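Just so you know, these numbers use all the heavy atoms, side chains as well, and skip hydrogens, waters and symmetry mates. One is the number of the first residue; the rest follow in order along the sequence. What you see is a predicted model, and the numbers here were worked out from it, not measured in a lab.
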Amino acid sequence: MGRAEERRARQRGGRRAAPPTRSSGTPSEGLATGGRAAARKAAARGKKGTKNGKSGIRRLFTWKKILGTFLGLCLLGIGAFIVLYLVTPIPSANADAKRQSNIYEYSDGSVMAREGDTNREIVDLSEVPKPVQRTFVAAENKTFYTDAGVDFKGIARGLFNTLSGKGKQGGSTITQQYVKNYYLDQDQTVTRKLKELVISLKVDRETPKDDILAGYINTSYYGRGAYGIQAAAQDYYRVDAKKLSVSQGAYLAALLQAPSQYDWAAASPTGKKLVTARWNYVLDNMVKQGWLDKTKRDKMTFPFPKEPKVAPGMEGQKGYFIKLAKQQLEKQLVAKEGITQDQAEARVENSGWTITLNIDKKKQAQLEKAVKTQLTSQLDPKKRPVDKNVQAGAASVDPKTGKIVALYGGTDYTKHYISNANRTDYQPASTFKPVILAAALENASETQGGKAIGANTIYDGTSKRQVVDSNGNKVGFGPENEDDANYGKVTVQTAMNKSINSVFAQMGVDVGMDKVLETATKLGMDTGKLRPLPAYTLGTMGASPIQMAGVYATLDNHGKQVTPSIIKSAEQGGTQFQMPDPIGEQVISRKAADTVTSVLTGVVDDGTAKKSVQQNPARDGRKVAGKTGTSDDNKSAWFTGYTPDLVTSVGLFGEDYKTHGQSKLYNTAGLDRVNGGGFPAQIWAAYTFGVAAENAKFDLDTDQGAAVQPTWTPTPSATPSETPSETPSETPSETPSETPSETPSETPSQSPSQSAPTGQQSTPVAPSTSPLNPFDPNGDQ
């Protein structure tokens, strides 16, 4: 083939023909054959591309086009942000304008209290020591002095954590938080976040860093109703901001992350561990930044804050009402609006709410009178020092509506900040036994011998009898009955009447402690992360009178859950805030709940509450069910009881008046020991028989228990029988090592620990591990 022919072949799309061979034939035949072969290959390539279906997609989604689209979107975003930056002005401050009193009303609409002016005093930054200023920077925004007011890495990290399911998190700098506090609001909308971003950039350009820091520490909320560092310094340490130490400043800086959770006076054991870890984190950051000498830091001890100051108008029981109402409202704001606890607290504090309570004036007056006549009038602190340590708490609930109609939090909110009606740091003791029976009935549980557990089931009531599991093995737990009394073979009804520990310890294992705790949760107790240990059969977890009133109200309400509520309605700016219905779903069967009620009538008529309740001349034929309880070392005593229309739980707590730690009630009012059938039952009867309906009857769907069958009460033997000869060589570490008179001597680790004495100086140790992030428990940083 000549050059001209090759050129023409290329123009026709063919390839250069192979030189003729002996098999190729004539030159013209070789050319034709080569052209056809090239055509076939080209066609094959085309078919292959079509078959794979890729050529069209490749043309549509090339890297150049994807990159171009991405860059175009970025340019559009930048352009939109520039426009937003230009058209968004720095607004006027509006935080103070939104502050107004909250109004609290009784159930009849009459005003109970107004919660007053905003507790804030602006101070110049020069009045705050430089090291104290730096505690806030170390806590919140280490790059504050060098950044542009916005932490884009933090925002990206917060967005990633939110999208990846690690919880809502922000990336707020001090400038952003100041802008949110001073210019904007606490809404969590995208619009508000964009405004915060733009205004923060502008503020950082136009405002000196010291002015931004001053604005931040003067507008932030520190808990206890305190806005700004001056109010916080006074509330927590009784000093002006200029006299704060670095250690105290670090605590106030740590507070900002979760004020209500980290306030030492009201914090749970977890809260105390978290704020201690946060405090250490702040000081360690200061050392890393070169703002604090390590030697001085190592000598610092945790600065325990003072007890809260109480505002005027909060005296008596009013402060307890308001505190509980705010807690319940804040809880609903967190649940419904997805905000953090501290944001919810700021939303409620002095924000123009009108909150109507369920408190009934007549019932409240009767409850306060009952405590005074049956308890406080019998105490003589000058004569008996132990009488200074006696604290009473009570909650009264309508079982049909869930309304808290009366509440007793302590002698006076201005004198005792912690509400005894809502505290969970004392054991409910034997008032927990009805929960075990409810679990047995609900789960159709059987004894080790295969007998269904009911009111007439026979158990061994021998004191210190070793509990055995389903395989007949001893579990290393053999609780002592009160006064080490032995009852021999008894029915469950009698065991409830006499509060026989050995019976219910065995019953709990027969039912399965996991099922017992599950039933407790359904009935309204906060079992948290309690492990299913036999020791809990004796009520060694923590519980409050409000919780126990809810549990018994659920039984009284035939198994439909009752969650006690103090709020009747809550309104802000003419808008009604919807609170949840206190009456929930059926959590245990009616028959199980009614059987427990039937059994509990025997405790009143033929048991530990017989003298105070059954024989009370004011009873006037009222139908009553209830249970007494007395905890280990006589640190608490209870009576929780109910008529068909009213449930009330009364607790008596030993609290050292100096340290606020738990103390024993022995010799209170000159008595050897305080029992649930004593002061608590007497208070209950004096209150209930003064306000409860006279002719109401229990409508019970059961054929068991004292309400429908007579009971037989055995006489305990005078001499305790011998303890079983075989005792396990090793006692499981989960169970208490000593056998108590009614409850184990050691409170499980899940129970709240005692608060450290005010003013005590020691170095707290942060927990090595925690289910929560000590530096961001609410996921808002």
Side-chain angles (χ1 to χ4, degrees), residues 98-118 225 260 310-337 339 341 344-368 393-410 413 419 421-422 524 544-547 549-550 553 557 561-584 645-648 687 691-692:
K98 293 184 177 181
R99 295 291 152 196
Q100 51 184 309
S101 298
N102 289 340
I103 300 172
Y104 297 87
E105 302 175 340
Y106 287 107
S107 60
D108 62 3
S110 59
V111 175
M112 181 192 75
R114 294 178 184 272
E115 197 180 21
D117 300 329
T118 300
S260 59
V310 180
M314 301 283 277
E315 65 281 349
Q317 300 302 306
K318 292 179 182 179
Y320 301 121
F321 300 159
I322 292 172
K323 183 177 181 181
L324 179 60
K326 291 199 293 187
Q327 288 173 341
Q328 292 190 349
L329 179 56
E330 289 161 7
K331 182 178 180 180
Q332 288 310 307
L333 285 169
V334 170
K336 295 184 72 172
E337 300 186 5
I339 59 178
Q341 174 61 38
E345 188 172 341
R347 279 277 308 276
V348 172
E349 197 72 34
N350 297 344
S351 297
W353 289 88
T354 297
I355 302 174
T356 303
L357 308 180
N358 285 320
I359 298 296
D360 181 289
K361 283 184 177 180
K362 179 182 177 182
K363 289 183 173 65
Q364 181 62 36
Q366 183 68 19
L367 180 57
E368 292 181 36
S396 186
V397 177
D398 182 335
K400 299 298 186 292
T401 64
K403 296 178 180 179
I404 297 178
V405 295
L407 181 139
Y408 189 86
Y413 184 75
S419 172
N422 203 29
S544 69
I546 291 177
Q547 277 189 24
N557 198 30
Q561 189 178 54
V562 178
T563 303
S565 175
I566 197 171
I567 297 179
K568 182 178 181 180
S569 65
E571 174 265 325
Q572 185 186 41
T575 302
Q576 196 78 15
F577 182 79
Q578 188 64 42
M579 295 294 292
D581 189 344
I583 305 300
D645 66 319
L646 193 62
V647 181
T648 305
Y687 162 69
V691 296

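Looking only at side-chain heavy atoms (C-beta outward), Phe321 and Gln364 come within less than 4.5 Å of each other. Between Tyr413 and Lys323, some side-chain heavy-atom pair lies under the 4.5 Å cut-off. Under the 4.5 Å side-chain criterion, counting only non-hydrogen atoms from C-beta, Leu333 is in contact with Phe577.
Pairs engaging residues 570-582 under the side chain to side chain donor-acceptor pair (under 3.5 Å) rule: none recorded [sequence neighbours left out]. The salt bridge (charged side-chain N to carboxylate O under 4.0 Å, His left out) analysis of residues 101-110, with sequence neighbours excluded, yields the pairs Asp108-Lys361.
In this structure, CD in Gln327 is found 8.0 Å from OG in Ser419, a value given to the nearest 0.5 Å.
Of the charged side-chain nitrogens involved, none lies within less than 4.0 Å of a carboxylate oxygen, so that Lys326 and Glu345 do not count as a salt-bridged pair.
With hydrogens and angles ignored, the 3.5 Å screen pairs a side-chain donor or acceptor of Gln328 with a backbone N or O of Ile566. The backbone N or O of Ser351 sits less than 3.5 Å from a side-chain atom of Asn102, completing a donor-acceptor pair. Judged by distance alone, with hydrogens and angles left aside, the side-chain atoms of Lys568 form a donor-acceptor pair with the main-chain N or O of Ser107 at under 3.5 Å. Under the 3.5 Å distance criterion, the side-chain polar atoms of Glu368 are left unmatched by any main-chain donor or acceptor of Tyr408.
Contact between Gly524 and Gln561 at its shortest, heavy atoms only, is N-NE2, 4.2 Å. Between Gly402 and Pro582, the shortest heavy-atom contact is CA-CB, 3.8 Å. Closest of all the heavy-atom pairs between Ala421 and Ala394 is CB-O, 3.5 Å.
With no hydrogens or angles considered, a side-chain donor-acceptor pair links Tyr687 and Ser396 at under 3.5 Å.
The side-chain hydrogen bond (donor to acceptor under 3.5 Å, both in side chains) check on Gln547 picks up nothing, with sequence neighbours excluded.
For the side-chain contact (heavy atoms from CB on, under 4.5 Å) with Pro564, the lone residue among Asn358, Asp398, Val647, Ile546 that qualifies is Ile546.
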